[in-house]
Amino acid sequence: MRCAQGVSDERRQFREEIRMVAAERFALGEPSSVIARELRVSVRSVQRWRRAWDQGGPRALRSAGSASTPWLSEAQFAQLERELAKGPVAHGWPDQRWTLPGIKTVIGRRFHRSYTLQGVRKLVIRHGFSCQVPARRAVERDEERVTGWVKETWPQVEGPRRRSMRGSSSRTGPASR
């Protein structure tokens, strides 16, 4: 059986073990619905496995590896990591954090490969990176000015609030008496 590209070896092994358990239960004649429920997989998957098992036995349920080889080898990804460690500024971006489009551009320039943004996301997640916004604040941030703006300027921008009038949907209307 083939796994999608990007499935880790541990996950591939886990899936194969589930199929082997299913094969043992096929030999006992258990129904697909019972096997699916107890292994927490879909009935369709169990039916597909059963057909493969009928044709080739347990050997047909062994993992055949990834459906395709990854575009970047492990050595190339190590090179990409070194490039990313230099930072976005070294590659011509003014920002201090990497974005998926930025990583995609570095891959294209360095390895002449064209990934989609979703492909870049899967690539970096597969190698242990996380897509997130850092929790730090800008060095230039002035908390006193921000607080003053929120208290003085924002109420003017927001405008006066409408007051509830009799007959409106407020709590003091006729319906709440």
Side-chain angles (χ1 to χ4, degrees), residues 1-138 141 169:
M1 306 233 92
R2 288 272 182 209
C3 288
Q5 179 183 352
V7 174
S8 69
D9 290 335
E10 296 84 23
R11 186 70 181 160
R12 190 177 301 118
Q13 179 66 31
F14 173 74
R15 289 178 175 182
E16 183 177 319
E17 289 171 8
I18 288 178
R19 290 192 301 270
M20 292 301 118
V21 170
E24 292 171 5
R25 298 180 78 178
F26 295 154
L28 298 174
E30 292 187 31
S32 296
S33 59
V34 172
I35 296 171
R37 183 175 51 251
E38 291 183 10
L39 294 180
R40 296 182 177 187
V41 296
S42 71
V43 175
R44 281 185 169 213
S45 291
V46 175
Q47 291 169 342
R48 190 175 65 250
W49 299 342
R50 187 182 295 270
R51 280 192 304 275
W53 180 79
D54 285 339
Q55 293 174 358
R59 185 173 259 172
L61 298 178
R62 294 254 178 240
S63 177
S66 183
S68 63
T69 57
W71 284 16
L72 290 184
S73 67
E74 291 301 317
Q76 288 174 321
F77 190 82
Q79 289 176 350
L80 177 62
E81 275 187 299
R82 288 190 294 275
E83 292 297 321
L84 297 178
K86 294 177 184 176
V89 174
H91 291 277
W93 285 279
D95 197 0
Q96 290 294 321
R97 60 184 164 202
W98 282 109
T99 61
L100 293 176
I103 297 171
K104 177 183 179 206
T105 302
V106 170
I107 291 171
R109 288 177 183 166
R110 183 83 171 105
F111 305 106
H112 307 288
R113 301 277 189 213
S114 180
Y115 271 86
T116 63
L117 292 180
Q118 188 66 19
V120 172
R121 180 181 169 278
K122 287 180 180 180
L123 176 71
V124 296
I125 287 175
R126 185 178 326 128
H127 285 86
F129 290 85
S130 63
C131 298
Q132 60 187 1
V133 177
R136 62 179 187 234
R137 302 257 179 175
R141 184 179 173 102
S169 61

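Only heavy atoms go into these numbers, but all of them, side chains included; no hydrogens, no water, no symmetry mates.
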Q: Work out which heavy atom in H112 is nearest to a heavy atom in R109; give both atom names and the distance.
A: CE1-O, 3.9 Å
Q: Apply side chain to side chain contact (heavy atoms under 4.5 Å, CB included) to the pair R62 and R19, showing each step before the final yes or no.
A: CA-CA 8 Å; R62 294 254 178 240; R19 290 192 301 270; over 6 Å; no
Q: For R44, check salt bridge (Lys or Arg N to Asp or Glu O under 4.0 Å) against everything at least two apart and list the hits.
A: none
Q: Would you sort out whether Y115 and L100 count as a side chain to side chain contact (heavy atoms under 4.5 Å, CB included), showing the intermediate values?
A: CA-CA 10 Å; Y115 271 86; L100 293 176; over 6 Å; no
Q: Please examine the side chains of I103 and L123, heavy atoms only from C-beta on, and report whether any two atoms are closer than 4.5 Å.
A: no
Q) Are Q47 and R51 side-chain neighbours, meaning at least one heavy-atom pair lies under 4.5 Å? A) yes
Q: Search all heavy atoms of A60 against all heavy atoms of A52 and return the closest pair with its distance.
A: CB-O, 3.4 Å
Q.
Show the nearest heavy-atom pair for residues L80 and L72, with the distance to one decimal.
A. CD2-CD1, 4.2 Å
Kindly list each side-chain donor-acceptor pair under 3.5 angstrom involving residues 24-33, sequence neighbours excluded, with atom names and distances?
residue, atom, partner, partner atom, Å
R25, NE, E30, OE1, 3.0
R25, NE, E30, OE2, 3.4
R25, NH1, E38, OE1, 3.1
R25, NH2, E30, OE1, 2.8
R25, NH2, E38, OE1, 2.4
S32, OG, R50, NE, 3.2
S32, OG, R50, NH2, 3.4

Q) Sub-3.5 Å donor-acceptor pair from the side chain of H91 to the main-chain atoms of K86, do we have one? A) no
Q | L84 backbone acceptor or donor facing W98 side chain under 3.5 Å | A | yes
Q) By side chain to side chain donor-acceptor pair (under 3.5 Å), which residues pair with E17, not counting sequence neighbours? A) Q13
Q. Roughly how far apart are R110 CZ and Q79 CD, rounded to 0.5 Å?
A. 4.5 Å
Q. Which pair of non-hydrogen atoms, one from F111 and one from Q76, has the smallest distance, and what is that distance?
A. CZ-O, 3.2 Å
Q) Just wondering, do I35 and W49 contact through their side chains at under 4.5 Å, heavy atoms? A) no
(Q) Just checking F129: does its CZ atom have more than 12 heavy atoms from other residues, nucleotides or ligands closer to it than 6.0 angstrom? (A) yes
Q) Which atom names give the shortest non-hydrogen contact between P58 and W53, and what distance separates them? A) N-CD1, 3.6 Å
Q | Gap between atom OG1 of T99 and atom NZ of K104 - 0.5 Å precision | A | 11.0 Å
Q: Give the minimum heavy-atom separation between L61 and E16, together with the two atoms involved.
A: O-CG, 4.2 Å
Q: Can you measure from CZ (R59) to CE (M20) and round to the nearest 0.5 angstrom?
A: 10.5 Å
